[in-house]
Amino acid sequence: MSVRVRFAPSPTGALHIGGVRTAIFNWLFARHHSGKFILRIEDTDRTRSTEESIAEILDAMKWLGLDWDEGPFRQSDRLSIYQSYSQKLIQVGKAYRCYCTQEELEARRKGAEKLGKVYRYEGTCRNLKSPTTDKPYAIRLTTPEVGSIEVQDLIRGTITFDAKEIDDFIIQKTDGFPTYNFAVVIDDATMDITHVIRGDDHIANTPKQILIYEALSQEIPKFAHVSTILGSDKAKLSKRHGATSVVAYREMGYLPEALVNFLARLGWSYGDQEIFTKQELIEKFTLENVGKSPAVFNPEKLLWLNGWYIRNKPAEEIAELIIPFLKKKGIQVILDERLIKIVNILRERAKTLVELANSSDYFLVDEVKYEEAARKKFLTNEALPIFEALIERLSSLDKFTVPELQKIFGEITEKRGLKLVQIAQPVRVALTGGTVSPGIFEVMEILGKEKVIERLERAIREIS
RNA sequence: GGCCCCUUCGUCUAGAGGUCAGGACGUUGCCCUCUCAAGGCAGAAACACGGGUUCGAGUCCCGUAGGGGCCGCCA
């Protein structure tokens, strides 16, 4: 049978980075085996699930390029399916109605706790002869009292649980809704899921789920439990460690390639390789190379990777991507040769699209804003004659190109006995407003003769 | 507390009994250089601890410690 995997987020908030890594592993596994990747929305929590959250999840998945073959299915559409299966289990004697009230159960649990024991349902309703049909009831699975349940985990090997640890747990609530474990199993079974790849916080649920599969006489899928992503303090990654939602990273100027590459490498590896195209990830991804230990989220490495992709993607694509970021700053531009040139000289010093957009503004606005410290240090009386000489020489220059400009600067430094840095820095401040920029000749070439002279003249007025 | 999972540089990891324990991010120094980057070179930096098994253990076994997860009519 061909591989069928699923990603099943619950739409109770933003799509979390940890969840996305699980999605990536599932997606890669499906693509690697030419199988199917199924998207399922676990929205049975009616109070916390929102439509906005569903829309955001779908949006983020598309942005990351994690396309799905089936779905999105919603559990809320499938209630009758769960109920028909729970009824079937009652009929064949694998499940039973339980009339114990929540209050009663709560009291018994507290009693057990007082004795320092873990409460397990004692099977009060298990052998009820004639059920009182008018009282509300939950449905419990009849579970074995002895023996053990083995989970064959593709990442961790065999995990054994004692049957005594598992009581007759509820599969359908009094309100007719399935419990999580039951819904998951029915969904995975009816969707013919072959491999369940999910977070290791589900390990303890797995024996219960296996018991449901067995009661249903359904084939048990293969399980693979991936370790959690931790924050820098080794606690589970959460909002207090910084941004955790995919959308937040998009807004901070991260590229989807970088995020996918980074997340894929968190807990998975392929020798010493760090950079992977999506194609390579698909070819090389296997569960055997997924590690067992939890991984700490390392924002610096993500940033480095993002910078790598900014430097190495085609400049035209990067140029197109920064347009919305420029727009947010109130700068309207179109994708043209000039913008591509700007991106080309700026991108090796930017780690995010936001940085790139910020560093390009002096090319795109009419008037530069001087940084105060830079102005004070470099727009001085010593700079005046240099600016004046430059204006004179540049005015008569026909070819406003890097080699020509280099020549002119060479002449001026020689004549005045200066080092290049002594004139490059004041000019840089005059042209860009700051002390940091790409090579000054490249900047001048892109700015063009007119703009350069205009800004030098303005700098002279600023000094006087 | 019970059950379960995990443990190689600060971080991500390679390592499937014999390696000077390798790579990457970060970090330090140097080179390049008109600033800042990028790039190049060099360096510091790890097998949690204790017992076994073995000629030999990061690798296998058992403990200990530490971290994490689950113990709901939540998902």
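The chains referred to below are lettered A, B, ... by the order of the sequence lines, with proteins before strands, and numbering in each begins at 1. Computed from a prediction, not measured in an experiment: that's the story for all the values here.
The shortest distance between the side-chain N/O atoms of A:Lys234 and the OP1/OP2 oxygens of B:U7 is not below 4.0 Å. Within the structure, a side-chain polar atom (N or O) of A:Thr44 is placed less than 4.0 Å from OP1 or OP2 of B:A75. At B:A14, one or more side-chain N or O atoms of A:Ser269 fall inside 4.0 Å of OP1 or OP2 (strictly under the cut-off). Proximity of A:Arg198 to the phosphate of B:A75: no side-chain N or O atom is located under 4.0 Å from OP1 or OP2.
Scanning residues 299-311 of chain A for heavy-atom distances under 4.0 Å to RNA chain B yields A:Glu300, A:Lys301, A:Trp304, A:Arg311.
Spacing of P atoms, B:G1 relative to B:G43, comes out at 48 Å, to the nearest Å. Nucleotides B:G51 and B:A42 place their P atoms 39 Å apart, quoted to the nearest Å.
Checked against A:Asp168 for a salt bridge (charged side-chain N to carboxylate O under 4.0 Å, His left out), the options A:Arg126, A:Lys94, A:Arg140 give a single hit: A:Arg126.
Using a 4.0 Å heavy-atom cutoff across all strands shown, A:Ser232 reaches no nucleic acid atom at all. Among the heavy atoms of the strands lying under 4.0 Å from A:Ala204 are primed sugar atoms or P, OP1, OP2 only; no base atom is included. Residue contacts for A:Ser10: at a heavy-atom cut-off of 4.0 Å it reaches the sugar-phosphate backbone alone, with no base atom in range.
By the 6.0 Å and 45° rule, A:Arg97 stacks over the aromatic ring of A:Tyr137.
Between A:Glu165 and A:Arg120 a salt bridge is recorded (basic side-chain N to carboxylate O distance below 4.0 Å). A salt bridge links A:Arg375 with A:Glu372: at least one charged nitrogen is closer than 4.0 Å to a carboxylate oxygen.
For B:A16, there is no paired base (Watson-Crick or G-U wobble, both distances below 3.5 Å). Under the Watson-Crick or G-U wobble criterion, with both distances below 3.5 Å, B:U64 is paired with B:A48. Base pairing annotation: B:C25 forms a Watson-Crick or G-U wobble pair with B:G10, both donor-acceptor distances under 3.5 Å.
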